[in-house]
Engineer: 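There's a structure below that I have some questions on.
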Amino acid sequence: AQSVSQHNHHVILSEAASLELGCNYSYGGTVNLFWYVQYPGQHLQLLLKYFSGDPLVKGIKGFEAEFIKSKFSFNLRKPSVQWSDTAEYFCAVNKGYSTLTFGKGTMLLVSP
Amino acid sequence: DTGVSQDPRHKITKRGQNVTFRCDPISEHNRLYWYRQTLGQGPEFLTYFQNEAQLEKSRLLSDRFSAERPKGSFSTLEIQRTEQGDSAMYLCASSPDTGFNEQFFGPGTRLTVL
């Protein structure tokens with residue numbers, strides 16, 4: 001069965017620290033990859049997506065992610081986090097127009 | 001607001017009662033998805049519509065669950081004879097037919113079964 005694994009359930013960082021959240025998936029073939037974010041009290045929002053082309057994709061708010069096909073990974077990075085990045089982050093995968101398979105999420109707490 | 005809307009936002013019910021949730025997708029989106037999210041988990045797929053046709057259902061969707069999308073616009077999700085294990089956030093998402101499958105999520109309906 002297809003699955004998505006997020007390595008850390010909780011991450012605590014100080015402002016200006018660098019962030020990397022791990023995501024691995026188990027799918028064969030061509031996949032679409034997503035990172036969604038859920039800020040406190042808000043609904044899921046798309047942070048960035050990868051369909052094809054350059055494996056380094058840039059999203060909103062300074063986030064980026066790198067698709068490494070050989071490692072089945074799609075890790076999320078940000079060079080310098082802000083207090084406003086405190087949120088839960090979900091990695092998700094699908095093929096074509098199929099439904100999304102999500103990881104369990106990583107709760108990021110950024111202390112000022 | 002032209003995003004996905006869901007109603008109600010919160011529902012508290014007693015075990016054994018029936019509940020119905022509504023989702024209004026973004027108007028030009030033909031595809032509509034229902035997901036369920038419990039504490040500490042990511043959203044899990046329940047069912048998916050393209051226009052009015054229900055194309056896929058998860059094994060999570062027991063016989064007590066039914067979803068409809070009459071006329072291919074809004075959708076309803078009904079849970080009959082609710083159980084405490086049904087307590088969760090029920091999320092609706094929509095996506096367009098063209099381009100890639102970027103799904104836009106609504107705020108969810110939080111169900112508590114007492």
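The sequence lines fix the lettering, A, B, ..., with proteins before strands; numbering per chain opens at 1.
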Engineer: Are A:Tyr25 and A:Val57 in one and the same hydrophobic cluster, where Ile, Leu, Val, Met, Phe, Trp and Tyr link if side-chain heavy atoms are under 4.5 Å apart?
Structural biologist: yes
Engineer: Pick one of side chain, backbone, both or neither for A:Leu44, based on which atoms fall under 4.5 Å of a heavy atom in chain B.
Structural biologist: both
Engineer: What part of B:Leu55 gets closer than 4.5 Å to chain A, counting heavy atoms only: side chain, backbone, both or neither?
Structural biologist: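 No part of B:Leu55 comes within 4.5 Å of chain A.
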Engineer: So what's closer than 4.5 Å to chain A heavy atoms on B:Gln37: side chain, backbone, both or neither?
Structural biologist: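 The side chain, not the backbone.
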Engineer: Based on non-hydrogen pairs under 4.5 Å, which of A:Val4, A:Leu46, A:Thr101, A:Leu100 is most in contact with chain B?
Structural biologist: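 With the most close heavy-atom pairs to chain B, the winner is A:Leu100.
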Engineer: Would you say A:Leu13 ends up clustered with A:Leu47 if hydrophobic residues are merged whenever their side chains have heavy atoms under 4.5 Å apart, either directly or through other cluster members?
Structural biologist: yes
Engineer: For B:Gln50, is it the side chain, the backbone, both, or neither that has a heavy atom closer than 4.5 Å to a heavy atom of chain A?
Structural biologist: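 Nothing of B:Gln50, per the 4.5 Å heavy-atom cut-off to chain A.
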Engineer: Given A:Tyr89, which partner from the list A:Trp35, A:Phe34, A:Phe63 fulfils the ring pair (Phe, Tyr, Trp, His ring centres under 6.0 Å) test?
Structural biologist: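 The ring pair (Phe, Tyr, Trp, His ring centres under 6.0 Å) with A:Tyr89 is passed solely by A:Phe63 among A:Trp35, A:Phe34, A:Phe63.
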Engineer: Under a plain distance cut-off of 3.5 Å, with no hydrogens placed, do A:Gln45 and A:Gln42 share a side-chain donor-acceptor pair?
Structural biologist: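 A pair is found: one side chain offers a donor N or O, the other an acceptor, under 3.5 Å apart.
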Engineer: Does the side chain of B:Leu46 come within less than 4.5 Å of B:Tyr90's, by heavy atoms?
Structural biologist: yes
